Amino acid sequence: MNASIIQSRPDFAAIAAWIPEGSAVLDLGCGDGSLLRYLRETRKVVGYGVEISDANVATCIANGVNVIQNDLESGLADFEDDAFDSVILSQTLQATKHTEALMKEILRVGREGIVSFPNFGYWKNRMQVLCGNMPISTDMPYQWYDTPNVHLCTLHDFEDLCATHEVSILARHVMTEGNDVNVLPNLLGSMAVYRVKRAG
Amino acid sequence: MNSSVGIVKAQRATFDTTLTFKSGAVLPRYELMYETYGTLNADKSNAILICHALSGHHHVAGYYADDTKNIGWWDNMVGPGKPIDTLKFFVIGLNNLGGCHGSTGPSSIDPSTGKPYGSSFPVVTVEDWVNAQARLADQLGIQRFAAIVGGSLGGMQAMQWALAYPDRVAHVLAIATAPHLTAQNIAFNDVARSAILTDPEFHGGDFYQHGVVPTRGLRLARMLGHITYLSDDAMADKFGRELRHGKLNFSYDIEFQIESYLRYQGDKFAAYFDANTYLLMTKALDYFDPARELDGDLNRAFAAAKAKFLVVSFTTDWRFSPARSHEIVHALLHNRRDVSYAEVTSDHGHDSFLMEDTQYIAVMRNYLDGVAREISK
């Protein structure tokens, strides 16, 4: 199962690399729980997911993954300060309405945050906008009218948010189709994973 | 979903060792009615205990040979191929101490007087029930339950198991429940109790000797309870302002359909339920508060628990609201226990936990499939 998950979600391996063995992890918007399951199998984490969809909650339970059914947008009141070593927000940031508040919550309940999102600044996205259309890609496979993504951003935008909100960036991993991108990441990377913590 | 465990038989367990209640009262001897479904495996690791709520009892699933219409109260959840799968699990339902379905309770004969216990029956707590249930488990040779499941007051018992006997339960399924009642909830119970206590035929709890039953009080108590188990929307949908005879009669007879329904429910309940049992059950609800002796700190109370938890609430349940389930989840998370929480969208208020809802059934089934996998490992 691990190999197929890594193929379909290249950000999983990048995320796992930053999760110490046996740590406590919270996965926000955990979907069917496959990342948590992967982390449990490869990193022996004590993990919990937060998920709003009924179908995903039922699947997480079937997968033996701890899941708390809740709306991320209403905050993380179930969780205490510094309750987790890492809080993961994987491919969900762009779909949150209260993005700023959520970033604060992530770094309240977690000592570190790991955030991945599709890079709107990727050249193929820019090309589609230049040609007069909203971009559609593997990372953003939606029409403008049915997309859940309400807060798309570029790497620069996200880093600006961190700078103005006392968030330190510990590491960054930029990828396109599963391959690492080290040159002109904001142009050549389709997706980014950031490891962050509270500044100071 | 139509498969049934079929014909079942109630059994009686007798205990000749003294049970000391939380109140200090002592019962030298008592009996518990129970039923079992499915087969206990060789290492006795597949047992599930079902704890009942206020008006429940040991007849959880199936039907009786001489009364085929008397189907168990959770037959939609318990049976072959159902979420609590009797092909995989050995399932036990019991009638709690103080009940009125055959277990020793206020209407039972006190051997020391030859008369019904009545007012002399001890006030029972959730802790007392769980202690009695543990003795039943001992008698059946079950050292550790694969799971203990309960809704509402039954959920409180399931939680109490994890706190009092942490090594004797692997999984707790706490459904539509709360770590303690709110003032509003106690208030509802007090009104219900007042209805019974002030019924002239209650006779201080010793109505048996007078050959009467305080049906008026019991009926009112049930009517009030019933209102709180339904949601505003469910009542509006089911009854609205519909009139029974299509026009206003300018009288105090039944006019609106909701009145007819509530009175029917009240009458039905008062015809078979024991008034003293009703009082005891509501007191047990009011008293349950595992954090009480720990300065109200639920986190500390749950530090004792070792079981994995599934917590389920229902969106329109205002008597045991989702917020109350979150309190349980919070305490479990604080102690880093394994816990999943599902908030099921349902129109049926507190009664939802007895209804057949696709998502609810899926959550229960998926969780218990995992429990079954653990056993077979």
Side-chain angles (χ1 to χ4, degrees), chain A residues 1 22-37 39-41 44-87 105-106 108-111, chain B residues 83 147 170-175 179 297-300 302 307-315 322-346 352 357-377:
Chain A
M1 138 189 184
S23 56
V25 173
L26 181 66
D27 184 6
L28 301 174
C30 65
D32 62 7
S34 41
L35 174 60
L36 279 169
R37 201 172 170 184
L39 292 175
R40 196 178 57 199
E41 285 165 11
K44 313 250 175 309
V45 302
V46 180
Y48 301 88
V50 176
E51 178 56 49
I52 191 166
S53 129
D54 281 348
N56 280 334
V57 167
T59 310
C60 283
I61 291 172
N63 281 332
V65 165
N66 291 323
V67 62
I68 310 297
Q69 186 162 26
N70 211 346
D71 182 5
L72 294 181
E73 304 282 1
S74 62
L76 303 176
D78 280 326
F79 308 104
E80 295 171 350
D81 295 359
D82 286 323
F84 298 95
D85 299 307
S86 308
V87 178
E105 277 288 88
I106 287 173
R108 174 183 68 80
V109 304
R111 276 180 277 279
Chain B
H171 293 267
V172 167
L173 286 77
I175 305 159
D297 188 345
L298 198 65
N299 292 343
R300 272 167 64 201
F302 270 85
K308 299 177 179 182
F309 273 70
L310 173 67
V311 179
V312 180
S313 74
F314 299 91
T315 49
R324 308 307 318 283
S325 283
H326 274 288
E327 292 174 31
I328 300 165
V329 170
H330 190 279
L332 288 162
L333 285 169
H334 174 86
N335 289 292
R336 268 210 200 148
R337 296 299 182 267
D338 281 309
V339 52
S340 279
Y341 168 66
E343 193 165 306
V344 177
T345 304
S346 167
S352 301
D357 172 277
T358 313
Q359 174 67 8
Y360 175 36
I361 294 286
V363 163
M364 295 290 283
R365 180 186 298 282
N366 292 356
Y367 191 86
L368 287 159
D369 282 352
V371 175
R373 279 196 301 274
E374 261 180 40
I375 295 166
S376 59
K377 257 181 202 166

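Residue numbers begin at 1 in each chain, while the letters A, B, ... track the order of the sequences. For clarity, every value in this text was computed on a predicted model and none was experimentally measured.
For a residue to count as touching a neighbouring chain, one of its non-hydrogen atoms must lie under 4.5 Å from one of that chain's; by this rule A:Ala83 touches chain B with the backbone only. Heavy atoms of A:Asn63 lying under 4.5 Å from chain B are absent altogether. Both the backbone and the side chain of B:Arg336 come within less than 4.5 Å of a heavy atom of chain A. No part of B:Asp369 comes within reach of chain A, as not one of its non-hydrogen atoms sits under 4.5 angstrom from that chain. For B:Val339, the parts sitting under 4.5 Å from any heavy atom of chain A are the backbone and the side chain alike. Both the backbone and the side chain of B:Glu343 come within less than 4.5 Å of a heavy atom in chain A. When heavy atoms are compared at a cutoff of 4.5 Å, B:Leu368 does not approach chain A at all.
Here the side chain of A:Asp85 pairs no donor or acceptor atom with the backbone of A:Val25 at under 3.5 angstrom. Judged by distance alone, the side chain of B:Asn366 and the main-chain N or O of A:Ala58 form a donor-acceptor pair under 3.5 Å.
With a 4.5 Å cut-off on side-chain heavy atoms, B:Leu310 and B:Met364 count as touching. Side chains of B:Tyr341 and B:Leu332 form no contact here, defined as non-hydrogen atoms less than 4.5 Å apart. Two residues are said to be in side-chain contact when any heavy atoms from C-beta on lie closer than 4.5 Å; A:Val67 and A:Ile61 meet this criterion.
With 3.5 Å as the limit, one finds no donor-acceptor pair spanning the side chains of A:Gln69 and A:Asn56.
Contact count versus chain B (heavy atoms, under 4.5 Å) is highest, among A:Ala24, A:Gly47, A:Ala62, for A:Ala62. Interface summary for chain A: among B:Gln359, B:His330, B:Lys308, the most heavy-atom pairs under 4.5 angstrom belong to B:Gln359.
Using a cutoff of 4.0 Å between basic side-chain nitrogens and carboxylate oxygens, A:Glu105 and A:Arg108 are scored as salt-bridged.
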